[in-house]
There are 2 protein chains.
Amino acid sequence: MLKPLPKARSSDLLRARLREHGLKLTHQRELIAELFLSQDHITVEELYHEVAKNDPSIGIITVYRTLKLLCQWDLAQERHFGKGKTIYDNVAWKSHHDHLICTKCGRIIEFSNFQIEKFQEQVAGEHEFRITFHKLELYGMCKTCDTHVGKRPPRAHGHTA
Amino acid sequence: MLKPLPKARSSDLLRARLREHGLKLTHQRELIAELFLSQDHITVEELYHEVAKNDPSIGIITVYRTLKLLCQWDLAQERHFGKGKTIYDNVAWKSHHDHLICTKCGRIIEFSNFQIEKFQEQVAGEHEFRITFHKLELYGMCKTCDTHVGKRPPRAHGHTA
DNA sequence: TCTGAATTGAAACGAACTTTCAGTATGTTG
DNA sequence: CAACATACTGAAAGTTCGTTTCAATTCAGA
Ligand SMILES: [Mn+2]
Ligand SMILES: [Mn+2]
Ligand SMILES: [Zn+2]
Ligand SMILES: [Zn+2]
């Protein structure tokens with residue numbers, strides 16, 4: 001997010017990776033990847049419904065399989081916010097970041113903070129531990145939801161952050 | 001961990017909570033809570049096996065149900081490290097803390113760091129977000145595992161951190 | 001166009017819970 | 001202590017989310 005990688009067309013990105021791994025370019029993979037790479041965070045279920053709008057013959061199994069491939073190629077990352085279903089983070093053009101998650105409307109805000117990461121390393125050092133990756137999730141209320149507390153619930157405002 | 005609450009016998013803790021909520025003290029609940037509150041982190045499966053050593057007639061369903069009660073009373077907290085099963089954190093005598101998780105041996109180290117929490121608040125402020133709770137998990141290798149890299153795998157050394 | 005390997009969708013399967021329900025244990029009242 | 005209203009329990013069935021299996025189809029490259 002704060003350090004965008006060199007932008008490439010999503011279709012080229014897919015083709016390149018498939019080539020590298022000797023895999024086939026199918027219209028299913030093309031559509032699924034295209035839709036996934038055009039947004040930020042999405043569940044398998046949601047992506048499946050988007051896909052169905054264009055081609056209802058595609059099965060949700062293929063959505064699962066394609067997302068798994070994208071994860072292997074570091075174009076996507078699995079996230080487990082709340083206790084619900086897995087959210088796939090489109091990281092094709094983003095570097096490492098953490099998240100603020102609104103527990104009321106589901107909005108997801110990305111951030112990265114060098115100071116926090118620095119202190120994480122310090123803590124690890126104190127325990128003679130070597131960090132390879134981490135998860136930091138801050139849950140609470142976004143501004144919109146917070147100002148509506150006690151009043152009527154806010155209208156939808158960007159769950160797809 | 002760093003700010004231990006006034007220590008009480010686990011059996012008294014259970015009785016008190018059951019009383020407060022008009023629930024019954026059964027020998028199943030007594031045994032399950034006793035064993036759970038005598039350790040730090042455990043899965044339902046593991047706790048079930050411990051319980052079975054004392055009373056094989058107790059079903060795993062009752063372990064699930066009792067842990068759910070302990071969670072409601074803030075004596076336990078669900079954690080989802082890795083992608084496997086839920087780990088229950090005994091927080092009866094601990095205040096908020098985060099974790100270092102060794103991906104090789106499963107060891108769990110607890111810590112709390114005021115600086116990190118401070119910067120979390122700062123980040124939230126920048127995004128006009130109000131944090132209600134958070135999860136910080138640092139994954140990697142503990143000292144023991146790290147020094148054994150490339151050599152033969154280390155013997156078990158305290159998975160039950 | 002031919003051909004063999006990769007891919008797909010449906011259905012079966014699996015893991016980790018959760019719900020249902022009839023029989024049992026508990027605490028309370030008399 | 002006895003009787004009773006309920007809460008509790010264990011087994012089995014049911015959910016949810018995701019994975020495996022497999023016959024039919026599609027793709028890529030010769
Ligand atoms: Mn993200
Ligand atoms: Mn802990
Ligand atoms: Zn919100
Ligand atoms: Zn270790």
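Residue numbers begin at 1 in each chain, while the letters A, B, ... track the order of the sequences.
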Kindly assign one of parallel, tilted or perpendicular to the pair Phe119(A) and Phe119(B), based on the angle between their ring planes and the thresholds 30° and 60°. parallel
When rounded to whole Å, the OH to P distance for the pair Tyr88(A) and dG18(D) reads 6 Å
Figure out the CD/P separation between Glu30(A) and dC27(D), and round it to whole Å. 10 Å
What nucleotide, of dG9(C), dT19(C), dC8(D), holds the atom closest to the side chain of Ile61(B)? dT19(C)
Quick one: label Arg29(B) by what it contacts on the DNA or RNA (base, sugar-phosphate, nothing), any heavy atom closer than 4.0 Å. sugar-phosphate
Aromatic ring pairing Phe111(A)/His127(B), orientation class (parallel under 30°, perpendicular over 60°, tilted between): tilted
OP1 or OP2 of dT26(D) sitting under 4.0 Å from any side-chain N/O of Gln28(A)? no
With respect to the side chain of Leu23(B), which nucleotide from dT9(D), dC8(D), dA28(D) is positioned closest? dC8(D)
Would you check if Phe36(B) and Ser10(B) make a side-chain contact, meaning some heavy-atom pair closer than 4.5 Å? no
Considering every strand and a 4.0 Å limit on heavy-atom distances, what is the contact class for Lys85(A): base, sugar-phosphate, or nothing? sugar-phosphate
Hey, are the side chains of Cys71(B) and Gln77(B) touching, using non-hydrogen atoms and a 4.5 Å cut-off? no
Start with the C-alpha distance between Lys53(B) and Glu50(B), add both sets of side-chain angles, then the distance that settles salt bridge (Lys or Arg N to Asp or Glu O under 4.0 Å), and finish with yes or no. CA-CA 5 Å; Lys53(B) 289 180 188 170; Glu50(B) 287 303 310; 3.1 Å; yes
Round to a whole Å and report the spacing from CG of Asp55(A) to P of dT26(D). 12 Å
Between CD1 of Ile32(A) and P of dT7(C) the distance, given in whole Å, is 13 Å
Is the ring centre of His134(B) less than 6.0 Å from the ring centre of His96(B)? yes
Taking only the side-chain nitrogens and oxygens of Thr86(A), find out if one of them lies under 4.0 Å from OP1 or OP2 of dC17(D). no
Verify side chain to side chain donor-acceptor pair (under 3.5 Å) between His80(A) and Glu137(A), making sure each step is shown before the conclusion. CA-CA 10 Å; His80(A) 301 272; Glu137(A) 298 156 15; over 6 Å; no
Of His27(B) and Glu45(B), whose nearest nucleotide on DNA chain C comes first from the 5' end? Glu45(B)
Taking 4.0 angstrom as the limit, do Lys94(B) and Asp40(B) come out as a salt bridge? yes
Which nucleotide in the set dG9(C), dT9(D), dC8(D) lies at the smallest distance from any side-chain heavy atom of Arg65(A)? dG9(C)
Out of dT7(C), dG18(D), dT21(D), which has the shortest distance to the side chain of Thr26(A)? dT7(C)
If we fit an axis to the first five pairs and another to the last five of the helix from dT1(C)-dA30(D) to dG30(C)-dC1(D), what angle do they make, to the nearest 10°? 20°
For residues 11-22 of chain A, which residues have at least one heavy atom under 4.0 Å from DNA chain C? none
Please classify the nucleic acid contact of Ile60(B) as base, sugar-phosphate, or nothing, using heavy-atom distances under 4.0 Å. nothing
CZ of Phe133(B): more than 12 outside heavy atoms within 6.0 angstrom? yes
Sub-6.0 Å ring centroid separation between Tyr88(B) and His41(B): no
Toward the 5' end of DNA chain C, by each residue's nearest nucleotide, Lys24(B) or Gly59(A): Gly59(A)
From CD1 of Ile58(B) across to C1' of dA11(D) the rounded distance in Å is 15 Å
